[in-house]
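The next block holds one structure in the form of structure tokens; read it before the comments.
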Amino acid sequence: LNASLTPDTMANNRKTFEFNLIVLGTVSVGKTCIISRFTDNKFIKTYKSSVGVEFKLKSIVLDGSTRADLKIWDTVGQERFQSITRQYYKNSNGIILVYDITDRKSFENLSFWINEVKTYSINSSLSFMLVGNKTDLDTKRVVSTEEGEQFAKKHQLLFKEVSALTG
């Protein structure tokens, strides 16, 4: 990922990189839950549809002298808000595409999200990650791990399956 160094880099001999990450996917795939689990180690039990775009911060110490400050943008998956979401592609360093392993349509929509980002982003070196969510519902799975892996390989994406519920 390309990142920018923050002003405190020289002051305390610690390198701090800032990354803007955008989480994209169809409505109800668990984008907000994944972000909440990652940033606060909490699961949101009641579903509340995101409106517009919100963000969370997370700092990660990579080693003794390097830190990554992540600004993770939670986007709404509803089509009527896509013009708002597109504005955030321009300054992003990475894209996290999320689908629900129990929802075939959310998987089929992944190509749409990739095309959206490539059309509206000005960063030609964006990193992408594909995340299949809701592995806790494996008995209801309709998208196999192999399908996710194949899609990721075809589009040169990192790939991981997770459960925001179980962490």
Side-chain angles (χ1 to χ4, degrees), residues 1-4 18-40 43-44 47-58 60 68-138 140-165 167:
L1 293 174
N2 291 333
S4 58
E18 292 181 344
F19 296 97
N20 285 304
L21 306 175
I22 299 177
V23 181
L24 298 172
T26 306
V27 174
S28 300
V29 295
K31 298 180 297 290
T32 302
C33 291
I34 287 172
I35 293 169
S36 179
R37 175 61 76 186
F38 179 68
T39 59
D40 303 321
F43 180 75
I44 302 166
Y47 175 74
K48 181 187 103 194
S49 183
S50 299
V51 178
V53 179
E54 301 169 358
F55 73 91
K56 292 277 215 162
L57 300 172
K58 174 86 173 186
I60 301 173
D69 287 344
L70 309 177
K71 189 180 280 188
I72 306 167
W73 296 90
D74 184 6
T75 63
V76 64
Q78 296 169 333
E79 201 169 300
R80 63 186 168 146
F81 292 109
Q82 286 173 1
S83 61
I84 296 168
T85 303
R86 288 178 184 141
Q87 301 303 314
Y88 293 88
Y89 300 162
K90 294 175 182 157
N91 297 318
S92 63
N93 304 102
I95 305 294
I96 301 169
L97 298 170
V98 180
Y99 68 95
D100 175 349
I101 68 163
T102 70
D103 180 359
R104 170 70 53 191
K105 183 92 170 129
S106 71
F107 183 75
E108 292 169 353
N109 286 339
L110 293 172
S111 293
F112 165 80
W113 292 109
I114 291 172
N115 290 333
E116 272 283 291
V117 172
K118 289 184 176 179
T119 300
Y120 293 101
S121 175
I122 58 174
N123 183 351
S124 61
S125 62
L126 275 174
S127 292
F128 284 81
M129 180 169 197
L130 177 62
V131 176
N133 190 28
K134 303 187 184 180
T135 57
D136 53 286
L137 300 175
D138 199 53
K140 297 180 182 179
R141 178 188 288 270
V142 296
V143 179
S144 71
T145 300
E146 292 77 20
E147 286 178 280
E149 289 171 340
Q150 289 172 0
F151 185 90
K153 185 175 182 179
K154 177 182 175 185
H155 294 279
Q156 299 177 331
L157 314 174
L158 300 169
F159 176 70
K160 185 76 175 166
E161 286 190 335
V162 302
S163 168
L165 175 66

Distance from I22 atom CD1 to K71 atom NZ, nearest 0.5 Å? 11.5 Å

Can you check whether F159 reaches T145 side chain to side chain, under 4.5 Å on heavy atoms? yes

Residue set satisfying salt bridge (charged side-chain N to carboxylate O under 4.0 Å, His left out) with D136, at least two apart, ordered chain then number -> none

D69 side chain vs E18 backbone, donor-acceptor pair below 3.5 Å: no

Check whether any side-chain heavy atom of D138 sits under 4.5 Å from a side-chain heavy atom of I101, and report yes or no. yes

One pair to check against side chain to side chain contact (heavy atoms under 4.5 Å, CB included): S127 and L158. What are the steps and the verdict? CA-CA 8 Å; S127 292; L158 300 169; 5.9 Å; no

Sequence neighbours left out, what pairs pass salt bridge (Lys or Arg N to Asp or Glu O under 4.0 Å) with at least one residue falling in residues 98-113? D100-K134, R104-E147

Heavy-atom distance under 4.5 Å between the side chains of N20 and W73, does that happen here? yes

Atom pair CG (L110) and OG1 (T26), whose distance is rounded to the nearest 0.5 Å: 7.0 Å

Kindly compute the distance separating CD (E116) from CG (N109), expressed to the nearest 0.5 Å. 11.0 Å

Any side-chain to backbone donor/acceptor pair from K31 onto G25? Under 3.5 Å, distance only. yes

Atom CD of E149 and atom CD of E161: how far apart are they, to the nearest 0.5 Å? 7.5 Å

Is there a donor-acceptor pair closer than 3.5 Å between any side-chain N or O of R37 and the backbone N or O of L165? yes

If you define the side chain from C-beta out and look only at heavy atoms, does anything of V29 sit under 4.5 Å from N133? no

Heavy-atom donor-acceptor pair, T39 side chain to L57 backbone, under 3.5 Å: no

Of the non-hydrogen atoms in S163 and T135, which two are nearest, and what is the gap between them? CB-OG1, 3.3 Å

From K56 NZ over to T32 OG1, what is the distance, rounded to the nearest 0.5 angstrom? 9.5 Å

Taking the side chain as everything from C-beta on, heavy atoms only, tell me whether W113 gets closer than 4.5 Å to I95. no

Could you tell me the separation between the CG atom of N93 and the OG atom of S121, rounded to the nearest 0.5 Å? 9.5 Å

Would you confirm whether T119, through its side chain, and N115, through its main-chain N or O, come within 3.5 Å as a donor-acceptor pair? yes

Within-4.5 Å side-chain heavy-atom neighbours: V23 and I34: no

Tell me, do C33 and F43 make a side-chain contact under 4.5 Å, heavy atoms counted? yes

My understanding is that only residues two or more places apart in sequence, or in another chain, count here; which of them pass ring-ring contact (aromatic ring centres under 6.0 Å, His included) with F151? F107, H155

